[in-house]
Amino acid sequence: MSPPNSMSPTTNGNGVAMNGAKKQLDFDPSAAPPFEIADIRAAIPPHCWVKNPWRSLSYVLRDLLVILSFAVAAAKLDSWTFWPLYWVAQGTMFWAVFVLGHDCGHGSFSDSWLLNNVMGHILHSSILVPYHGWRISHKTHHQNHGNVEKDESWVPLPEKVYKSLDTSTKFMRFTIPLPMFAYPIYLWTRSPGKKGSHFNPYSDLFAPNEGAAVSISTLCWTAMALLLCYSSFIYGFAPVLKIYGVPYLIFVAWLDMVTYLHHHGYEQKLPWYRGKEWSYLRGGLTTVDRDYGVINNIHHDIGTHVIHHLFPQMPHYHLVEATQAAKHVLGKYYREPKKSGPFPFHLFGYLVRSLGEDHYVSDTGDVVFYQSDPHIPKFRTSSATTKSKSS
C-alpha cells in the first residue's frame with residue numbers, strides 16, 4: 001500500500017495535494033525492508049552491547065547532584081525572577097531521571113536484575129511513576145510497536161473508536177497543550193479504547209505472575225505521595241508546589257512530547273500495521289529519531305530512538321555510535337532527524353501539525369495511515385511548516 005504524501009504546504013492532512021493530484025514518492029516506507037534485523041545487529045560494533053553498571057550509576061549521581069543543587073539554589077534565592085528558570089531546568093532533570101529509570105526497566109542499566117529493580121524503584125518512585133506497572137506496559141509497547149491493535153503508547157485510534165469519543169475527550173486529546181499533560185491520566189486509566197490501570201495488580205495490563213511486582217511498585221509510589229503530603233503539612237503547600245509540583249508538570253510535558261514525536265509528526269506520513277503485515281522489524285522502522293540540541297546529553301540520548309526500539313537492552317551511551325554503524329543497512333528506512341539549534345524549538349511545529357492532522361486510522365486494512373477529522377480545529381499546515389523550518 002502506498003503512503004499518503006508528506007505533510008507540506010501543498011497537501012492537506014491526509015496527504016492529498018490541494019490540486020487534487022497525488023504527489024509521487026520515490027520511497028514507500030510501508031514496503032517490506034530488504035534486510036533482516038540480524039543484518040542491523042551484525043553492523044553494530046560488539047562493544048555497543050556491553051553494559052557498565054558503574055557508568056550507569058555515574059549518570060544517576062550526576063543527575064541527582066544537579067537536581068539537589070537546583071533545589072537548594074531555588075530555596076535560597078526564593079525569587080520570582082528565578083522560579084520560572086528553575087521550573088524548566090528542574091523539570092528537564094526530572095525527565096532525565098525518568099530516562100535512567102526507563103533504562104532500568106529495559107535491563108540496559110546493568111546485567112544485574114537486583115540493581116536494575118532497586119534503582120528503577122528509587123528513580124521512578126521519586127517522580128511518581130509506578131516502576132513495574134510502567135515497565136511492563138512499556139515492554140508491551142516495544143514488543144508491539146507500530147501495531148494498531150496491540151501497541152500501548154500513543155497508539156492510533158481506529159475510526160470506530162474515534163467516532164465514539166465525546167467532544168470533551170477529543171478536545172483533551174488533540175488540543176495543545178492538553179495532550180502534553182496526559183501521562184498521569186494514562187497511568188490511572190490507559191488510553192481511550194483500552195482498560196486497566198498501572199497501579200492495579202489485577203489490571204488487564206498484567207499477567208497473574210506479575211501482580212506481586214506491580215503491588216510493590218504501587219506501594220513505593222504511595223510512599224512518595226505520602227512524603228509529599230507530609231512535606232506540604234510541615235513546610236506548606238506553596239513551597240512544595242514550587243520546589244516539586246511545577247517541575248513535575250514540566251517533566252510530564254517532556255515525557256508526553258518526546259514519546260509522541262518518536263512515533264508521530266514526521267514530514268511524510270508513516271505506516272501502522274495489523275495482522276500478517278506487522279512484524280517486529282517493520283514496526284520498529286516506523287519510529288523516528290529526533291535531535292534535541294543540548295538536551296540530547298541531558299536526557300541521555302533518548303532521541304536516538306530507532307536503534308533503541310529495535311534493541312532496547314542496548315545502553316543509552318552506545319546508541320549514537322550504534323545508529324551511525326547501522327545507517328548503511330537501514331538506508332531510506334532511517335530518517336535523518338532535522339538538526340536542532342541549542343534548544344529544540346523546531347519540534348513544536350511538528351507537534352502542533354501532527355495533533356492537528358493525525359486523528360484516527362481506518363478500521364480495516366493491514367497497512368494504514370493516519371487520517372484527519374476536518375472538524376478538529378488545527379493550525380494551518382503551512383504555518384506549522386514555516387515554524388519548523390525557521391527554528
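On a predicted model such as this, the values are computed, not experimentally measured, just so you know.
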Legend entry - Point-to-point distance, once rounded to the nearest 0.5 Å, from CZ of Phe109 to CG of Asn117: 11.5 Å

Legend entry - Centroid-centroid under 6.0 Å between Tyr317 and His300 rings: no

Inset, instruction - Check whether any side-chain N or O of Arg173 sits under 3.5 Å from a backbone N or O of Phe171 as a donor-acceptor pair, and report yes or no. - result: no

Legend entry - Ring centres under 6.0 angstrom apart (Trp188, Trp221): yes

Inset, instruction - Keeping the roles fixed (side chain from His328, backbone from Gln324), state whether a donor-acceptor pair exists under 3.5 Å. - result: no

Legend entry - Exceeds 12 heavy-atom contacts within 6.0 angstrom, atom CZ of Phe82: yes

Inset, instruction - Taking only Lys NZ, Arg NE, NH1 and NH2, and the carboxylate oxygens of Asp or Glu, determine whether Glu336 and Lys327 approach each other closer than 4.0 Å. - result: yes

Legend entry - Non-hydrogen atoms of Gly365 and Arg274 that approach each other most closely: O-NH1, 2.7 Å

Legend entry - Residues which pass side-chain hydrogen bond (donor to acceptor under 3.5 Å, both in side chains) with Asp151, listed by chain and number, not counting sequence neighbours: His141

Legend entry - Ring-ring centroid check Tyr186 His198, cutoff 6.0 Å: yes

Inset, instruction - Give a yes or no on whether the ring-centroid distance for Phe94 and Trp254 is below 6.0 angstrom. - result: no

Legend entry - Pair Arg41 + Glu36, salt bridge at N-O below 4.0 Å: no

Legend entry - Linked, directly or transitively: Leu114 and Ile122 (ILVMFWY side chains, under 4.5 Å): yes

Legend entry - Gap between atom CD1 of Ile295 and atom CD1 of Ile302 - 0.5 Å precision: 14.0 Å

Inset, instruction - Give a yes or no answer on whether the side chain of Asp289 reaches the backbone of Val306 with a donor-acceptor pair at less than 3.5 Å. - result: yes

Inset, instruction - Taking the side chain as every heavy atom from C-beta outward, state whether Val367 and Tyr273 have any pair of such atoms under 4.5 Å apart. - result: yes

Inset, instruction - Give me the ring orientation class for His262 and His305: parallel if the planes are under 30° apart, tilted from 30 to 60°, perpendicular past 60°. - result: parallel

Inset, instruction - May I ask you to test the Pro158-Tyr360 pair for a side-chain heavy-atom distance under 4.5 Å? - result: no

Inset, instruction - Heavy atoms only: give me the nearest Asn144-Trp278 pair and the separation to one decimal. - result: CA-CZ2, 3.8 Å

Legend entry - Ile185 reachable from Met257 in the ILVMFWY side-chain graph, under 4.5 Å edges: no

Legend entry - Distance (rounded to the nearest 0.5 Å) between Lys338 NZ and Tyr266 OH: 11.5 Å

Legend entry - Single-linkage hydrophobic cluster, 4.5 Å side-chain cutoff, Trp80 and Val72 together: no

Inset, instruction - Mind listing the closest non-hydrogen atom pair of Asn116 and Gly107 along with its distance? - result: ND2-CA, 3.6 Å

Inset, instruction - May I ask you to test the Tyr350-Glu267 pair for a side-chain heavy-atom distance under 4.5 Å? - result: yes

Inset, instruction - Answer yes if the ring centres of His308 and His102 are under 6.0 angstrom apart, and no otherwise. - result: yes

Inset, instruction - Rounded to the nearest 0.5 Å, what's the gap from OG1 on Thr92 to CH2 on Trp87? Could you check? - result: 14.0 Å

Inset, instruction - Would you confirm whether the ring centroid of His145 sits within less than 6.0 angstrom of the ring centroid of His263? - result: no

Legend entry - Lys139, NZ: over 12 other non-hydrogen atoms inside 6.0 angstrom: no

Legend entry - Approximate separation, where rounding is to 0.5 Å, of Leu330 CG and Phe35 CZ: 5.0 Å

Going by atom type alone, with no hydrogens or angles, which donor-acceptor pairs under 3.5 Å involve a side-chain atom of residues 230-240 and a protein atom two or more places apart or on another chain?
from: Ser231; atom 1: OG; to: Leu227; atom 2: O; distance (Å): 2.8
from: Ser232; atom 1: OG; to: Leu228; atom 2: O; distance (Å): 3.0

Inset, instruction - Could you tell me whether Lys163 and Glu159 have a side-chain N and a carboxylate O separated by less than 4.0 Å? - result: yes

Inset, instruction - Verify the neighbour count for atom NZ of Lys150: are there more than 12 heavy atoms of other residues, nucleotides or ligands below 6.0 Å? - result: no

Inset, instruction - For the pair Lys51 and Asp111, find out whether any cationic side-chain nitrogen is under 4.0 Å from an anionic carboxylate oxygen. - result: yes

Inset, instruction - Kindly indicate whether the side chain of Tyr131, heavy atoms from C-beta on, has any atom under 4.5 Å from the side chain of Leu123. - result: no

Inset, instruction - Please collect all side-chain hydrogen bond (donor to acceptor under 3.5 Å, both in side chains) contacts where either partner lies in residues 199-214, sequence neighbours excluded, each pair once. - result: none

Inset, instruction - First locate atom CG of Leu219, then atom NE2 of His121, and finally report the distance between them rounded to the nearest 0.5 Å. - result: 9.0 Å

Inset, instruction - Look at the side-chain heavy atoms of Ile, Leu, Val, Met, Phe, Trp and Tyr, link any pair under 4.5 Å apart, and say whether Tyr59 and Leu68 land in one connected group. - result: no

Inset, instruction - Answer yes if Val155 and Leu205 sit in the same cluster of Ile, Leu, Val, Met, Phe, Trp and Tyr residues linked by side chain heavy atoms under 4.5 Å apart, and no otherwise. - result: no

Legend entry - Shortest non-hydrogen separation from Tyr248 to Pro184 and the atoms involved: OH-CG, 3.4 Å

Legend entry - Side chain proximity check, Leu77 to Tyr86, heavy atoms < 4.5 angstrom: no

